[in-house]
Amino acid sequence: MNDVQARPRKRRSLSGVTSISHQRAAAPRAATLIYQHLLEDIVTLRRKPMDLLNEKELAEHFGVSRTPIREAIIRLSDDGLVDVFPQSGTFVSRIPRRALYEAILIRKSLENTNVSLAIEKATPADLDGLDRLLKEQAECREAGDYKQFHELDTAFHRQINVCAGFPGIWTMIQQVKVHIDRYRLLTLPQEGRLLRVVEEHKAVVDGLRRRDAASAVDAMEFHLGQMLREIDDITDLNPAYFIDDDKRGPSGHQERADDES
């Protein structure tokens, strides 16, 4: 039997870590935080389609080097939310019509599945929670608070997913809804739209409360189908915010660059 006791492992002192090591450790976290900040800005239209994202200005704004800025922009580009043109710069992407249409179709299918699953699982407390969200949305409608109304809209759909009990479905919905969210915020200021959303949500909850699967799914189908039916109208009202997918690319941006020069 070996009676030699193991020596306690020596802890590494932070004083031995170089400033470069600190920077390397912090860069991924900084890039993630910057990505999340810019993502919210783009989705909420604080940064509008074709707005310039200047790396130098962003680095100064966030107090970082350009490295995490570039990493964040790469992620946004992968999401289809920014277009990077080496000779011209980085711009917030316009909303691609075909991709938007496809994303709404996918979301509609997933949301219908959520409702179908929630029919048997939703508790009285769950339904009361949905009613509270409806009340809060009605209050936002009265106040004309589109941003908070949109956040409550997301919370409403998220709560139905919680009732359904399959969080992976919500993960998939989040992956396809970035363009939808930008488009959605453009629809809300339309006259009577907020009231219609509240009424459409209420119809879904009424179906859930009655355990009427057909009624609840039909109500969700109609609610999300409205977005499909409004694409042409919203595009006509905000033509600079949209692009046909086959026209997306450097040539489309170059026309803008020429106009600004």
Side-chain angles (χ1 to χ4, degrees), residues 36 39-40 43-44 78-81 95-141 145-188 193-231 234:
Q36 291 171 345
L39 175 65
E40 182 179 357
V43 168
T44 59
D78 290 342
D79 292 339
L81 290 174
I95 301 171
R97 284 171 53 94
R98 183 176 179 180
L100 171 64
Y101 194 92
E102 183 178 34
I104 295 173
L105 289 175
I106 294 170
R107 181 179 177 182
K108 190 151 64 80
S109 176
L110 293 171
E111 295 270 13
N112 288 348
T113 299
N114 272 337
V115 172
S116 297
L117 293 169
I119 285 290
E120 297 299 328
K121 296 183 178 181
T123 66
D126 291 331
L127 297 172
D128 289 344
L130 290 170
D131 284 338
R132 283 193 296 273
L133 288 171
L134 288 177
K135 182 180 178 181
E136 291 176 19
Q137 277 198 300
E139 292 171 353
C140 286
R141 180 183 71 82
D145 188 342
Y146 299 117
K147 181 178 182 296
Q148 183 63 19
F149 188 96
H150 178 69
E151 291 176 0
L152 289 168
D153 183 281
T154 298
F156 177 85
H157 289 272
R158 174 74 177 90
Q159 184 58 36
I160 291 176
N161 172 258
V162 171
C163 296
F166 287 88
I169 295 178
W170 185 250
T171 298
M172 287 186 283
I173 289 173
Q174 287 182 299
Q175 290 170 352
V176 301
K177 73 192 285 287
V178 287
H179 289 309
I180 297 175
D181 283 343
R182 293 201 290 168
Y183 165 68
R184 183 72 162 159
L185 281 168
L186 291 174
T187 70
L188 295 182
R193 186 66 186 123
L194 299 185
L195 178 59
R196 291 198 301 272
V197 170
V198 173
E199 292 175 342
E200 290 162 12
H201 282 178
K202 185 176 184 300
V204 174
V205 177
D206 288 345
L208 289 172
R209 196 177 295 278
R210 298 195 309 271
R211 308 295 180 183
D212 184 342
S215 176
V217 171
D218 284 349
M220 181 63 78
E221 179 89 17
F222 178 82
H223 170 55
L224 295 178
Q226 286 289 88
M227 289 193 290
L228 292 173
R229 290 185 285 273
E230 293 173 347
I231 287 178
I234 300 301

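Along the sequence shown, the residues carry numbers beginning at 1. These figures come from a predicted structure and were not determined experimentally.
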Heavy atoms only: give me the nearest His179-Asp79 pair and the separation to one decimal.
NE2-O, 4.2 Å

Other residues, nucleotides and ligands only: do more than 12 of their heavy atoms fall within 6.0 Å of CD on Gln174?
yes

Distance in Å, Arg184 CZ paired with Glu230 CD, rounded so as to fall on 0.5 Å steps
8.0 Å

Classify the ring geometry between His223 and His157 as parallel (under 30°), tilted (30 to 60°) or perpendicular (over 60°).
parallel

If I take atom OG1 from residue Thr154 and atom CZ from residue Phe149, how far apart are they, to the nearest 0.5 angstrom?
10.5 Å

Considering all heavy atoms of both residues, which atom of His201 and which atom of Asp153 are nearest to each other, and what is their separation?
CE1-OD2, 3.2 Å

Would you call Leu81 and Arg182 a side-chain contact if the rule is heavy atoms closer than 4.5 Å?
yes

Does Gln148 CD have over 12 foreign heavy atoms under 6.0 Å away?
yes

Indicate yes or no for a side-chain donor-acceptor contact from Asp181 to the backbone of Thr44 under 3.5 Å, with no hydrogens or angles considered.
no

Heavy atoms of Asn112 and Val217 approach each other most closely as OD1-O, 3.9 Å

Do the side chains of Asp131 and Arg209 get nearer than 4.5 Å, heavy atoms only?
yes

Separation between NZ (Lys177) and CH2 (Trp170), nearest 0.5 Å, reads 5.5 Å

Compare every heavy atom of Ala216 with every heavy atom of Leu208, then report the nearest pair and how far apart it is.
N-CB, 3.9 Å

Nearest 0.5 Å, what's the CG-CE distance between Leu186 and Met227?
12.5 Å

Please check if the number of heavy atoms outside Lys135 that lie under 6.0 Å from its NZ is greater than 12.
no

Under 3.5 Å, is there a donor-acceptor pair linking the side chains of Thr123 and Asp126?
yes

Electrostatic pair Glu200:Arg193 at N-O distance under 4.0 angstrom:
yes

What one should report as the nearest heavy-atom pair of Cys140 and Leu152 is SG-CD1, 3.6 Å

Between Lys202 and Asp206, does any side-chain N to carboxylate O distance fall below 4.0 Å?
yes

Test log, rule salt bridge (charged side-chain N to carboxylate O under 4.0 Å, His left out), inputs Arg132 and Glu136:
CA-CA 6 Å; Arg132 283 193 296 273; Glu136 291 176 19; 6.0 Å; no

Check: Cys163 main-chain N/O paired with Lys121 side-chain donor or acceptor under 3.5 Å:
no

How about Arg98: does its CZ atom have over 12 heavy atoms from other parts shown lying under 6.0 Å from it?
no

Flag the pair Leu133 / Gln137 as yes when at least one side-chain heavy-atom distance between them is below 4.5 Å, and no otherwise.
no

Please report the shortest heavy-atom distance between Lys108 and Leu224, naming the atom on each side.
CA-CD1, 3.7 Å

Does Ile173 offer a backbone N or O that forms a donor-acceptor pair with the side chain of Arg107 under 3.5 Å?
no

CG of Leu185 to CD1 of Ile180: how many Å apart, nearest 0.5 Å?
12.0 Å

What's the separation between atom NE2 in His150 and atom OG1 in Thr187, rounded to the nearest 0.5 Å?
9.0 Å

Mark yes or no for whether Ser109, through its side chain, and Leu105, through its backbone, hold a donor-acceptor pair below 3.5 Å.
no

Taking the side chain as C-beta and beyond, is there a heavy-atom pair between Ile160 and Val205 under 4.5 Å?
no

Establish, yes or no, whether the cationic atom of Arg97 lies under 6.0 Å from the six-membered ring centre of Tyr183 and within 45° of the ring axis.
no

